[in-house]
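Scope of the values below: all heavy atoms of this structure, side chains included, with no hydrogens, waters or symmetry mates. Just so you know, ligand 1 is whichever comes first in the structure, and atom 1 is the first atom listed for that ligand.
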Amino acid sequence: MKIILAEEIGFCYGVKRAYENAVLYSEKNNIYIYGELVHNSDVIKKLEEDGIKMFTDIDNLPEDSKESTVIIRAHGISFNEEKILRENFSEVVDMTCPIVKNVIKIARELQDKGYFLVIYGDVQHPEMRGLKGNTDEKMLIITKEPQIIFHQKVAVMSQTTVAEKKFEDFSDKLIEINKFSDIIIKNTICKETVKREKEAVKIASVSDSVIVMGGKNSSNTKKLFEISKKINKNTFYIVSPDETENFNIKGETIGIITGASTPSWDIKKLLANLDKSNFS
Ligand code: SF4
């Protein structure tokens with residue numbers, strides 16, 4: 001059996017930075033994370049084993065917050081949430097990915113210039129909630145459906161983890177059904193996720209079967225799965241390497257792709273499981 005491992009694999013830059021800092025701080029402080037640091041249950045479990053606690057309700061802060069450090073996750077949070085954390089914790093470590101921060105900066109600059117923002121993204125995604133909470137929310141809409149916009153001066157932007165082709169199709173359709181006097185298209189998709197998409201196409205085209213591993217709620221893992229499945233029907237989505245124990249995978253060549261929040265220890269275990277098995 002031949003394994004083709006994607007080059008862009010495991011944690012992306014932003015997740016690696018957030019994870020490593022959380023572990024580093026936990027060595028000397030009482031640490032909390034507000035929300036899931038990343039969309040991966042194995043990573044959350046490992047952080048908890050390291051003594052890092054998590055809370056999700058901003059109206060229900062931990063009792064020892066004044067003696068604790070809180071980490072802001074890679075996806076970012078709203079301005080109001082950050083304010084509450086700064087008022088109630090002894091220290092706030094902002095691990096919002098710099099690429100996400102840059103998208104917020106671009107959004108603010110465009111709004112300052114009078115543009116209404118149409119953001120191609122999932123309104124429930126933490127990154128989108130963070131963006132909305134750091135800009136003028138009356139001057140934006142977050143959607144995946146092209147629709148009639150009652151503004152003339154419009155800028156179209158994207159969530160960092162959406163598929164590039166879908167963003168292009170969305171922008172084209174939006175322009176087709178509206179009559180804007182001034183339109184800016186700003187592709188704010190993270191380059192790292194674009195590289196992963198391109199690799200997914202390549203790997204799916206040359207493999208007999210493909211395994212896509214990542215968190216259940218990870219939008220970038222879901223996207224990679226969809227891309228691979230379209231090209232190669234023998235594409236399997238797994239959350240944990242343990243799922244490969246009774247796996248019915250076929251072929252001589254197995255491609256492996258992961259989402260941006262899949263840890264290296266899961267990849268090692270997946271490779272060991274495949275090595276032990278008699279697939280093909
Ligand atoms: S996918 Fe890109 S934008 Fe999102 S956390 Fe990773 S590096 Fe940052």
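For atom 2 (Fe) of ligand 1, the closest heavy atom belonging to the protein is Cys190 SG, 2.4 Å. Here the protein heavy atom with the shortest distance to atom 7 (S) of ligand 1 is Gly14 N, 3.5 Å.
Between Leu47 and Tyr19, the shortest heavy-atom distance links the atoms CD2-CE1, 3.6 Å. Annotation for Ile44 and Leu37: closest pair CD1-N, 3.8 Å, computed over non-hydrogen atoms. Looking at every heavy atom in both residues, Thr262 comes nearest to Gly214 through OG1-CA, 3.4 Å.
At least one cation-pi condition fails for Lys153 and Phe180: the charged atom is not both under 6.0 angstrom from the six-membered ring centre and inside a 45 degree cone around its axis. Geometric assessment of Lys166 against the ring of Phe170 yields a negative cation-pi assignment under the 6.0 Å and 45° thresholds.
In Thr193, the part holding a heavy atom less than 4.0 Å from any atom of ligand 1 is the side chain.
In the vicinity of Thr160, heavy-atom distances shorter than 4.0 Å reach the ligand 1 atoms 3 (S), 4 (Fe). When each atom of ligand 1 is checked for a heavy atom of Ile99 under 4.0 Å away, the hits are 3 (S), 7 (S). Within the listing of ligand 1, atoms 1 (S), 5 (S), 6 (Fe), 7 (S) sit less than 4.0 angstrom from a heavy atom of Cys12.
Among the atoms of Cys97, none of the N, O or S atoms falls under 2.8 Å from atom 6 (Fe) of ligand 1.
In this structure, Ile72 and Ile33 have side chains that are not in contact, with every pair of non-hydrogen atoms separated by 4.5 Å or more.
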